[in-house]
Every structure is written in structure tokens, then in C-alpha cells.
2 protein chains.
Amino acid sequence: MSFEPLHGLSTPELVAQRIREALLDGTLRPGDRLIEADIAAELGVSRGPVREGIRLLGAEGLVVLRRNRGAVITSPTFEDVLEVYILRLSLGLLALNHAMQLDVASAPEFADVELLLARLRDPEVQEDPLLMMEADLHFQSALFDLCGLSRITAVLDQTARDIPVFVKVLGITYDDVDHAALIERHQRLIEAVRTRHRADADHAWREHVRCTVGEFARGYPDAQVEGIFDLPLMHHVYDHHEYQG
Amino acid sequence: MSFEPLHGLSTPELVAQRIREALLDGTLRPGDRLIEADIAAELGVSRGPVREGIRLLGAEGLVVLRRNRGAVITSPTFEDVLEVYILRLSLGLLALNHAMQLDVASAPEFADVELLLARLRDPEVQEDPLLMMEADLHFQSALFDLCGLSRITAVLDQTARDIPVFVKVLGITYDDVDHAALIERHQRLIEAVRTRHRADADHAWREHVRCTVGEFARGYPDAQVEGIFDLPLMHHVYDHHEYQG
DNA sequence: CCCGTACAGATTGTCAACAATCTGCAATAG
DNA sequence: CTATTGCAGATTGTTGACAATCTGTACGGG
């Protein structure tokens with residue numbers, strides 16, 4: 001047996017999903033307005049759920065909401081992508097560290113994480129860059145969930161939903177990514193978490209973010225990455241122990 | 001002249017605000033259900049705006065939403081408070097660091113931050129612990145806003161809204177806080193940002209969070225703070241430069 | 001006596017109509 | 001000719017009614 005939960009998504013979530021898809025296939029583009037009535041008519045529902053769905057996207061930062069003036073698709077810049085990755089770098093390290101303070105290797109969820117990593121090896125997934133990116137983010141999300149800090153994982157998940165849209169909308173090319181290297185990094189990451197080797201986990205996650213952003217920057221015309229990751233995240237510059245007591 | 005913006009809050013925001021206030025004065029308590037129709041009747045509006053307001057609180061983590069089953073006030077634990085402060089510690093450091101990479105001392109907003117700090121010295125504010133806490137968080141919010149990273153400040157602001165409610169609901173006592181010391185720390189923090197002395201800013205913010213949490217832990221019966229801030233945030237344990245290149 | 005089912009009340013989800021607000025354009029005054 | 005004002009259309013905000021779903025209780029079979 002083992003059934004899927006019956007209704008996966010509520011109507012507003014479905015609406016939000018549809019709009020995200022429209023962004024990914026280019027039907028909707030930055031600057032476009034979202035008219036509640038039009039979307040409602042198109043999807044065959046009333047304005048209520050559509051309104052809620054749009055608010056969901058607003059909270060996510062995918063659309064800008066202005067009172068009495070409706071919703072407009074955001075026009076993200078490469079700096080937005082950088083901000084998202086700064087968030088993911090920092091909160092990812094928090095999540096990993098806290099996960100390793102628990103006995104996470106023996107948790108049943110840990111097996112799921114490994115399953116999701118295996119999916120990245122599927123040639124069919126590797127075929128489609130978007131699919132690959134989504135599978136990658138899905139893996140990362142499951143890994144971070146192990147820490148059990150719901151606010152932190154909520155923020156991480158939010159950024160994860162933004163990434164594919166931003167990449168698409170900004171026209172970032174990421175076709176020539178080295179899948180083998182990516183999987184190798186993730187393998188090291190997961191192994192570090194299992195054995196609770198914090199230095200390795202820290203290293204692997206930093207490296208992954210650095211590589212991903214570097215890859216994006218390569219495919220993107222005018223990227224200004226310096227001063228973001230190289231000029232350190234500040235907490236790292238100065239020795240932590242200086243501040244004890 | 002110079003008028004205030006005419007309508008400050010939308011109806012849903014007003015509803016959310018009212019519910020927060022009800023939590024702060026004890027009218028609403030953890031585990032209580034929020035019935036849309038009841039609240040609507042009480043506030044003299046229809047269910048629509050009330051529904052939206054409740055969703056706002058849901059996104060904030062103040063209520064738990066379950067499909068078709070309504071909203072229930074969360075029953076936070078002290079660990080929730082710790083998670084919030086871990087987030088604030090980490091993201092605060094990011095925000096400060098990025099603010100100092102800009103020429104922030106000459107920005108007009110910087111003067112506002114100093115004004116908000118001055119408010120903490122007002123004896124009338126110091127009288128009321130809740131007022132003091134809100135003024136403090138307001139100051140911090142303005143300070144972090146200087147970094148110009150909207151996603152990061154959005155998360156910080158969200159946690160700031162949670163804190164007073166969590167403290168009240170958990171029955172945390174914080175009456176005997178040393179106001180002078182708090183202001184002194186903030187003064188050092190603001191000075192460090194102005195002079196772009198990153199080590200000092202880093203130190204001051206860490207210390208503030210550590211003191212605040214320590215204060216809460218003192219007034220709270222069974223607090224388990226160890227292993228959260230002392231077992232480091234991970235990024236700090238290992239030298240950053242080890243990973244360069 | 002225990003378990004599963006059927007119902008009734010309560011509550012959320014959805015809808016379509018109405019009111020309030022905004023935007024752009026045209027008319028008007030200076 | 002430029003700037004302000006007033007309007008019409010478009011769109012969001014709000015409302016009350018209706019539909020779908022959930023919760024708890026009472027009933028009936030085992």
C-alpha cells in the first residue's frame with residue numbers, strides 16, 4: 001500500500017505553482033502584471049484563491065505587491081541571486097551544524113536524503129538542466145531538514161523555490177555544469193554529516209555554494225561576485241574564541 | 001507641512017496586529033483556536049480580511065494553519081526562542097558586514113538609527129519592559145536595514161515580530177535587565193558600524209545576543225542554552241582561509 | 001463491551017456581486 | 001504651452017451567501 005497524501009496542494013498553492021511554471025516557460029516575464037480576475041478566469045476558479053496564491057508568491061519575493069495596485073512580477077538582478085546564495089550559505093552551515101549535533105545518521109530521514117542524491121545520478125535527470133537543478137535543491141532541502149529547526153529550513157526552502165525562477169528570468173546559462181563534480185561534492189557532504197565531521201561538512205557546503213555561484217557568474221554577462229564570498233561572511237574573519245566569556 | 005503617509009496598515013495587517021496585541025495582553029493564549037467568523041464579527045469586518053490577517057500570522061509562525069481545520073495559536077518552547085536568536089545572530093552579522101561594505105555612515109538613514117537608539121534612553125520607555133523591548137528591536141531593525149539586502153532584513157524583521165509574543169507567552173521574566181549595559185553595547189555597535197571596524201561590530205552584536213539570551217535563560221525555569229551559542233555556529237570554528245581557492 | 005458508521009453542528013473554502021481605489025486621458029485654466 | 005483638475009475604465013478590496021470539509025456524538029452491529 002503506502003498511499004500519497006490525498007490532496008497534495010490547496011487551490012491557492014496550485015495557483016502559485018501555475019504562476020511559477022508560467023515564469024519558467026517564459027509565458028510570464030518580469031514586469032508583467034498579475035490581474036486576479038484574468039488568472040481566475042483562465043484557471044476556472046474565483047478570485048479568492050487566486051488572490052491567496054498571489055500573496056504566497058509575494059511572501060516568497062517572486063512578485064511585488066503594492067496596496068490597491070496589484071502584483072507585478074519582480075525584475076530580479078544578479079545581486080538578488082547573490083543575496084539568496086549568501087542566505088543559503090549561512091543558514092545551510094547552521095542547519096548542518098545542528099543536524100550533526102543530533103544523532104542524525106541513524107534517523108530514517110537520512111536514508112531519504114541518500115535516495116534523493118541517487119536521483120542526481122539518473123541520466124534522464126541530468127539530461128534536463130531544470131530537472132537537475134530541482135532535484136539538486138530537493139536533495140539539499142531534505143538534508144537541511146535533518147536539523148529540525150523549522151524556521152531555518154523554512155527560509156532555506158523559500159530561497160530554493162526562488163532559484164530556478166531567478167536563473168530562468170535572468171537568462172543565466174548553466175548548461176556546462178560538471179555533474180560528476182557536483183555529485184562528488186554532495187557525496188562528501190553527506191558523508192561528513194554521517195560521520196559528524198564538522199570541518200568536512202563546512203568545507204563541502206561552502207565549496208558547493210562557491211562553485212554554483214561561480215558557474216552562474218561565468219554564464220552571466222556582467223556578474224560582480226567579488227566582495228561577496230571572498231570578502232568573508234565576517235563571522236569567519238575573527239577567531240570565535242576571542243569572544244568567549 | 002510634511003504629512004505622515006495616509007493609510008499606514010491594510011485591514012489584514014490591522015487584524016494581524018490586533019491578534020498580536022491580544023497575545024501580548026493575555027486575551028489569547030497558546031492552543032486557542034482562531035475562528036474567522038468570530039474575529040470578523042468582533043472587529044466589524046467580513047471574513048476575507050480576517051482570513052488574510054491570519055495567514056500573515058501563519059507565515060510568521062505565530063499560529064499553525066492546518067487545511068480545513070483553521071488556525072491555532074502556537075505553543076512555542078524555549079527552543080523556539082533559541083532558534084529565533086540563532087537566526088538573528090547569524091543574519092545580523094551578515095547584515096552588519098554588508099552594511100559596512102557600503103558607505104553607510106553618511107547615509108541619511110544612519111541618523112535615524114541614532115535617533116532610535118536615543119529613544120532607549122527615555123526613562124518613560126525604560127519604565128515599561130515591553131515598550132523597551134519593542135524600541136530595542138526597532139533600533140536593531142533600522143540598523144540592519146542599512147545593509148540593503150531585503151531578503152535578509154525581511155527574515156530579521158519577522159523574527160523581531162515574534163520575540164515579544166514568545167517572551168510573553170512563555171512567561172519569560174526580563175525585568176531586571178541592565179538598561180545601561182544594553183545601551184552601552186548598542187552604542188559600541190553603532191560606533192563600530194560608523195567607523196567600519198568589523199571586528200568591533202561583530203563582537204558587539206555577538207555579545208548583545210549572548211546577553212539577551214542569557215537574560216532570558218535566567219528568568220526562565222528550565223532553559224538549555226548550552227550547546228547553542230557556545231558550541232559555535234560552526235562557521236567560526238575553522239579558519240575561513242583554509243578553504244580559499 | 002468495543003468498534004465502525006451515520007449523522008448534525010461547526011468551521012473553513014469558494015464564489016459572485018458590490019464598494020473603494022487607482023491609472024491614464026482629456027478638458028480646462030493659467 | 002504647461003500644469004492642474006475631473007472623469008471613465010480597470011482593478012483591487014470587501015462583503016455575505018453557498019459548498020465542502022471536519023469534529024464529535026449517538027446509534028447499531030459484532
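Below, chains carry the letters A, B, ... as their sequence lines are ordered, and counting in each starts from 1.
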Asker: Rounded to the Å, how far apart are A/Asn68 CG and D/dG9 P?
Answerer: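 These atoms are roughly 20 Å apart.
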Asker: Can you pull the side-chain hydrogen bond (donor to acceptor under 3.5 Å, both in side chains) pairs that have at least one residue in residues 109-118 of chain B, sequence neighbours excluded?
Answerer: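 Sorted pair list: B/Glu114-B/Arg194.
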Asker: Does A/Ser46 place a side-chain N or O at less than 4.0 Å from the phosphate oxygens OP1/OP2 of C/dT14?
Answerer: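 It does not, given that no N or O in the side chain of A/Ser46 lies less than 4.0 Å from OP1 or OP2 of C/dT14.
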Asker: CZ of B/Arg66 versus P of C/dT12: gap in Å, rounded?
Answerer: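 To the nearest whole Å, that distance equals 12 Å.
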Asker: Applying a 4.0 Å non-hydrogen cut-off, can you work out what B/Gly70 is touching in the nucleic acid: base, sugar-phosphate, or nothing?
Answerer: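 The answer is sugar-phosphate, as B/Gly70 gets under 4.0 Å only of primed atoms, P, OP1 or OP2.
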Asker: Report yes if at least one side-chain N or O of B/Arg55 is closer than 4.0 Å to OP1 or OP2 of C/dG13; otherwise report no.
Answerer: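 Indeed, a polar side-chain atom of B/Arg55 lies that close.
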Asker: Nearest-Å distance, CD (B/Glu36) to P (C/dT11)?
Answerer: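 Distance, rounded to whole Å: 11 Å.
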Asker: Hey, which sits more toward the 5' end of DNA chain C by its nearest nucleotide, A/Arg69 or B/Ala37?
Answerer: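 Of the two residues, B/Ala37 wins.
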Asker: For A/Ile73 versus A/Pro30, what's the shortest heavy-atom pair and its separation?
Answerer: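 Heavy atoms of A/Ile73 and A/Pro30 come nearest at CG2-CA, 3.7 Å.
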Asker: In whole Å, what is the span from the CG atom of A/Asp38 to the C1' atom of D/dT11?
Answerer: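 My rounded result for the distance is 9 Å.
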Asker: Just how far, in rounded Å, is P of D/dT14 from CG of B/Leu43?
Answerer: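 About 13 Å, once rounded to whole Å.
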Asker: Measure from CZ on A/Arg67 to P on C/dC22 and round the result to the nearest Å.
Answerer: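 That distance rounds to 8 Å.
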Asker: Testing B/Val104, B/Asp145, B/Leu143 for side chain to side chain contact (heavy atoms under 4.5 Å, CB included) with B/Val113, which one passes?
Answerer: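 Single pass found, and it is B/Leu143.
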Asker: Specify the separation, in whole Å, of atom CG of A/Leu65 and atom P of D/dG13.
Answerer: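 Value for this atom pair: 9 Å.
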Asker: Could you check how far CZ of A/Arg33 sits from C1' of C/dT23, rounded to whole Å?
Answerer: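 One finds 9 Å between C1' of C/dT23 and CZ of A/Arg33, rounded.
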Asker: So if I take every side-chain heavy atom of B/Pro49 and compare against D/dT15, C/dT14, D/dT11, which nucleotide ends up nearest?
Answerer: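 Of the candidates, D/dT15 comes closest.
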Asker: Using OP1 and OP2 only, check whether a side-chain N or O of B/Thr11 sits under 4.0 Å from D/dT14.
Answerer: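 Yes, B/Thr11 has a side-chain N/O under 4.0 Å of OP1/OP2 on D/dT14.
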Asker: Does A/Gln140 reach the side chain of A/Trp205, with side-chain heavy atoms less than 4.5 Å apart?
Answerer: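 Of all side-chain heavy-atom pairs linking A/Trp205 with A/Gln140, at least one is under 4.5 Å.
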Asker: Name the nucleic acid region contacted by A/Arg47, choosing base, sugar-phosphate or nothing; use a 4.0 angstrom heavy-atom cut-off, strictly under.
Answerer: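 The answer is base, as A/Arg47 lies within the cut-off (heavy atoms under 4.0 Å) of a base atom.
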Asker: Taking B/Glu60 first and then B/Arg20, would you say they form a salt bridge - that is, a charged N and a carboxylate O separated by under 4.0 Å?
Answerer: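 Salt bridge flag = yes for B/Arg20 with B/Glu60.
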Asker: Would you indicate what B/Leu34 reaches in the nucleic acid, counting non-hydrogen atoms under 4.0 angstrom: base, sugar-phosphate, or nothing?
Answerer: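 Sugar-phosphate only.
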